[in-house]
Each structure stands twice: as structure tokens, then as C-alpha cells.
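Just so you know, these numbers use all the heavy atoms, side chains as well, and skip hydrogens, waters and symmetry mates.
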Amino acid sequence: MATETTLAAQEDVPRVPHSNGAIKENGKRRKLHGRAFYESIGSPKLVLAPMVEQSEFAWRLLSRSFLPVSQQKSLLAYTPMFHSKMFGEKSNYRDTHFQPLKSTVPSPIDDYHLSQLADSDRHLDGNPAFDRPLTVQFCSNDPDDFLRAAQHVAPFCDAVDLNLGCPQGIAKRGKYGAFLQEDWSLIASMIRKLHDELDVPVTAKMRVLETPEKTLAYAKTLLDAGASIITVHGRRREQKGHNTGLADWKMIRHLRENLPRDAVIFANGNILQHEDIAACLEATGADGVMSAEGNLYDPTIFAAPPPIGQEGREYWRGRDGKGGYRMDAVMRRYMDIIHQYALGQELPNRKPLWMPSDPEDVPEQENGKTEEDEEGPPKKKRKQMSKSEKKKEKTSNPNLTAMQAHLFHLLRPLVAEHHKVRDALARSRTGDIDAFENVLALVEKAVKEGIEKYEQEHANNTAAEPSPQPATSALAEPLDPYESSLATVARCKRPYWVCQPYVRPLPKEAIEKGSMTVSKKEKKRLEIEAEQAVKKGDDEVRDAGLQPGGRVEERVLVDGEEEQKEIVEEPRDGLVCG
């Protein structure tokens, strides 16, 4: 980046209004707020979550690419979470995390010069041509730090978000994220500071608290302080790792029903497949739905499946009607984005993706070979070559440093079947694009093998096969999604070569498998909660004039005669893990 203009020096620079989050009124700029701001960016219902080092430009562009061109700006995307103090004070931290301009242009916080820039001077993050609408997220615990950092990105985004949801240990040590939720006055002061002084709106992402009443009061605090949008993650702070469990959509519905109608709410949690987005909107009443982990494992999650018969080469649909985007197709798109945008080079000359209907080709030399399979120069020469590649490993481009983690998420089912792909990916180093191209060649080969085997196994079945159902007896009850993840796994499971979500075991299942243990204190708390729940249920039964444990009956008329009918409680809504 060019030499920075100090914040103090900006006060004397003429300001040119942004088009983001603002309108002109009588020749003056007025910042939009709340629903007016939300409508100004297209009222997006699809939201790509902020994820630490995982929602960088290349991944945002990949996620948008599966939507029709006319709908790509209907996806609101968030940057990864940035640390406000470091972002505001350290130019090298900014340059390695957020790249809105080419290095030859003026300071990114100088609006006057920014308005004179040609489109060719704009780089990646926040580029109006392909990276908007965009919200930049920060973690912070100081109003001045938060504002200072936000002023650097305001010209390149539509809003700035305060992270109040991170539950990790580093957030606890640094006192930010979800570990600020006991200090409502500090949170309010940070939001109010930006609402009053920043050129673009401020938003906030929170987690639910212990009770609906406390959660509602918390949400009102954020909105009253000036947050234009609140994103509500339907899990509590302690729900992470093996204890993730299900997000509580009913808690988000409670907020929707008790907050003003002009308050904009995004729902977050339990989004594993595209169909879950509509289900979440219906269940919560939220304005938009945010996906985090679901998107990491399947970046196509925001796109509707193509109509039957229009799958093309990228989408695979089985004889049971279930399908998804092929992993080789998605990885190809991702690699092409890396070549074009992160590396600024010509795209590789690629053959069309293989399909079973293609004529057989003359066997070619295999490109996707591991080190054990290759016939190449002696190891001594390889070591000499590896020294010249060390510079590639030191790259700090955020689009390159995230590649390996993204591909392990994307290819998770495939690498479990094809260990050569796993090993090649594990050996790939940041900036070594040839190594990742080698992984792509191996993935294409694995996908081809999987589809060929599937076609051979179903060669004699000319009619479409019914969707397989889990084995159940007539007396079996539906699986409670709060007690078992088996139904969710059955619903989401696809062949290993198709993008699909990762279904986490529920906490109860994790404990049974021994992957999670419960402390004595937590065990005691759970026992008390269980006893209280039973007591509450018994009290409600007594209030109705019945005996605890007895059946609930009603009397109905059948052909004019009175008959007893047992009422069976309906199972709870089938929420999904995520």
C-alpha cells in the first residue's frame, strides 16, 4: 500500500459521498440505517458468514459463482474476522488481510482521492464489480480501536460488523467476541461510536443467552445503540466443538415476534443444505439466513439445484434423485479463481470435465501422481529444487494461505476414501500452485472412478430407483433430532464425490462415543435441569386436573357415538445440525 494518510490529516480533506449505505438529500450525504440500509443493498436473504481466515475474497467469489449472474449480488458476504487494534495500528496486518487497492494508488482511507480512481486501480476486496455487497467484521473491546480500524475499510464495504459470537479460548483471553456479552455497556459504547462517527452502518453478530427474556434484552441493547442489523446465532457461548448441538430457531423466532418490525434480523445455525434456508426463514421469521460451516463444506449451498435434465457436467444427480455439485467441478472453479485473481495469471488449458457419456480417450500420461508414483529426478536434485520454492511458502496472500484448509473441508468425504489425495493435499504448501494442481488431477481421477463404479452397479436398473429409507419397523418412532443425528445423516448423505455437509454428532452421542466427557459440575447441572423439567411437566399435568404419567385422552364423536381417542404428541420440528 502507499504511505498512509493519518486520521487527523483527513479532517481537512474534502469528502465525497459514498454510494454504499448512504443517499444524497438536499445535496448532503445522509447515512442510511436499519431497514432502509438493508433495502439499499437489495434486501439479501442469503448471507455468507464471517469465518476466521476462511471467508476471504476467493472463497466469497466461489460461493457467489454458483448463483445466476443476475443473482450474485443478492448474496451478502462477510470478510473474515479482523482484530481491530492490530488492523488500525499495523499496516502490514492490513495489507496481509484486506487488499482493496493496488499498491500504486493513494491511501484507502482518503475518500477524496478514492473517488477519482479508475476501476483498474481497484483490486480484490470490496471491488464493486464482483465483491459487493460486503460487510467487514472486527473483534474489538475498545470504541476508539474499533472506529480507527473501521475507517480504513469504510470506503470499500457496505457495513462494518462487531463480532460478539466467537466462543473460542483466544477470544476469552483477549476479551472479545462472545466473552463481551457480560459487559453490555461496553458493547453499546462501541456500536454507538461507529453509528455516530462512521460513514457506513454498523451491524453486530451475537449468540443467544440462557433465556428468551435475557436474549431479547440483549438484542434490544444492540439495536438501541445503533446496530442496523443483528445476526443471531441460535447457540449459546458454551456450544462449540463436540458440544455444538443444535441451534435454537425458536429463540430467534422469539426475537422476531418481540422486536420492532423494522429491526433487521439474520438467523444463523442449522444450515446444512440449500433447502434448510427456506425452512429457517419460515421457522424464524428472519429477514435473511447466514451459513458458516455449511458453506465451508459445500460452497454451492446458496444455489438451487439445476432442473432435472439440465445438470451439465458440474452437477451429479443419482437415480434416487439426490445430487449435488461434483467436487472436481467445484475445485476447478476455485483453482481458476486463484489463478486469475490471487496470482494474476492466465487460466490453465483444461479439458471438459469427464462424463459417463463421453467417448473413451486414448490413455494419457497421468498428471495426478504422488511422489511415490512418479518417475523423476533423483531425490538429491529434488531437494535442490525445493530450496528455490521456499519463497512461495512465505507468501502472505490471504487467498493463498487459506487454500489447504478450504480443500480439506471441501474434500472431506473424498479424502476418507482416497488416501493418495489426502496425502498430496497434506504435502501442498502455501503458494505452491503446482502442488494444488496435482491434487486437482487426483480429485478428477477419483471422481471419475466413483461415478464409473456407480454406473456399473446400476447398469441393469433402467427405471429410477426410489429414495432409500432408513430401516424402521411399524412400531418405531421418528428419531428426535435433539437426541439423534442419524436422520440428519440419512437426509444429507451423498456419494463421496459430491459436495455435502459435515453432520456433527450431538453432544449426547459424543459422550456415548467417548469423544467428549462431562465434568462433575456440568453433570450435576444437567441432572438438576432434568429433575426440574420433570417436575415442571408434572405440575402442568396436575394443573390440568390429571395424574402425572397418565394418558391424555379426548372424547370425539364417531358416527354419532362417543369414543375415546388417545392424543399422541407430535415430534418436534426436524431441525438439523450445523
Considering all heavy atoms, the nearest [X]-[Y] contact:
X: Tyr297; Y: His409; answer: CD2-O, 3.1 Å
X: Ser228; Y: Val264; answer: O-CB, 3.9 Å
X: Ser189; Y: Pro143; answer: OG-CG, 3.6 Å
X: Ile338; Y: Ala58; answer: CD1-CB, 3.9 Å
X: Ile230; Y: Ala227; answer: CG2-CB, 4.3 Å
X: Pro44; Y: Phe266; answer: O-CE2, 4.1 Å

Within the structure provided, determine whether [X] and [Y] are in side-chain contact (heavy-atom separation under 4.5 Å).
X: Phe82; Y: His97; result: yes
X: Met206; Y: Leu209; result: no
X: Leu216; Y: His254; result: yes
X: Cys280; Y: Val289; result: yes
X: Met290; Y: Pro50; result: yes
X: Val330; Y: Leu410; result: yes
X: Pro299; Y: Tyr325; result: no
X: Ile265; Y: Val232; result: yes

For the side-chain contact (heavy atoms from CB on, under 4.5 Å) test, which of Leu194, Asp196, Val202 pairs with Leu198?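 Considering Leu194, Asp196, Val202, a side-chain contact (heavy atoms from CB on, under 4.5 Å) with Leu198 is found only for Leu194.
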
In terms of relative ring orientation, are Phe57 and Phe130 parallel, tilted or perpendicular, with 30° and 60° separating the classes?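 Judged by the thresholds at 30° and 60°, the geometry between Phe57 and Phe130 is perpendicular.
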
Quick check for you: to the nearest 0.5 Å, what is the distance between [X] atom [atom1] and [Y] atom [atom2]?
X: Tyr218; Y: Arg207; atom1: OH; atom2: CZ; answer: 11.0 Å
X: Met190; Y: Ser185; atom1: CE; atom2: OG; answer: 9.5 Å
X: Tyr93; Y: Met86; atom1: OH; atom2: CE; answer: 5.5 Å
X: Arg422; Y: Leu407; atom1: CZ; atom2: CG; answer: 15.5 Å
X: Glu275; Y: Cys492; atom1: CD; atom2: SG; answer: 9.0 Å
X: Asp142; Y: Lys175; atom1: CG; atom2: NZ; answer: 10.5 Å

Quick test of your reading of the model: are [X] and [Y] salt-bridged, counting only N-O distances below 4.0 Å?
X: Arg491; Y: Asp276; answer: yes
X: Arg60; Y: Asp125; answer: yes
X: Arg237; Y: Glu182; answer: yes
X: Glu39; Y: Arg35; answer: no

Between [X] and [Y], is there a donor-acceptor pair closer than 3.5 Å when you use the side chain of the first and the backbone of the second?
X: Ser84; Y: Phe138; value: no
X: Asp95; Y: Phe98; value: no
X: Gln72; Y: Leu67; value: yes
X: Gln181; Y: Leu164; value: no
X: Thr300; Y: Ala303; value: no
X: Asn141; Y: Tyr176; value: no
X: Asn163; Y: Cys139; value: no
X: Arg256; Y: Ala286; value: no
X: Trp249; Y: Gly269; value: yes

Could you tell me if Arg173 sits above the aromatic ring of Phe179, with its cationic atom closer than 6.0 Å to the ring centre and no more than 45 degrees from the axis?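 Because its charged atom misses either the 6.0 Å distance or the 45° angle limit, Arg173 does not stack over Phe179.
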
With Arg64 as the cation and Phe302 as the aromatic partner, state whether NZ or CZ is under 6.0 Å from the six-membered ring centre and within 45° of the axis.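 Relative to the ring axis of Phe302, which defines the angle, Arg64 lies outside at least one limit.
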
Go through it in stages, so that I can follow the logic: the residues are Asn268 and Thr231, the test is side-chain hydrogen bond (donor to acceptor under 3.5 Å, both in side chains), and I'd like the CA-CA distance, side-chain angles, deciding distance and then a yes or no. CA-CA 7 Å; Asn268 181 211; Thr231 299; over 6 Å; no

Hey, are [Y] and [X] close enough side-chain-wise for a donor-acceptor pair under 3.5 Å?
X: Ser396; Y: Thr96; result: no
X: Arg253; Y: Thr284; result: no
X: Ser140; Y: Asp145; result: no
X: Glu56; Y: His406; result: yes
X: Ser43; Y: Asp287; result: no
X: Asn399; Y: Trp59; result: no

Is the distance from the ring center of Phe87 to that of His83 below 6.0 Å? no

More than 12 heavy atoms of other groups within 6.0 Å of [X] [atom1]:
X: Glu197; atom1: CD; value: yes
X: Lys193; atom1: NZ; value: yes
X: Glu213; atom1: CD; value: yes

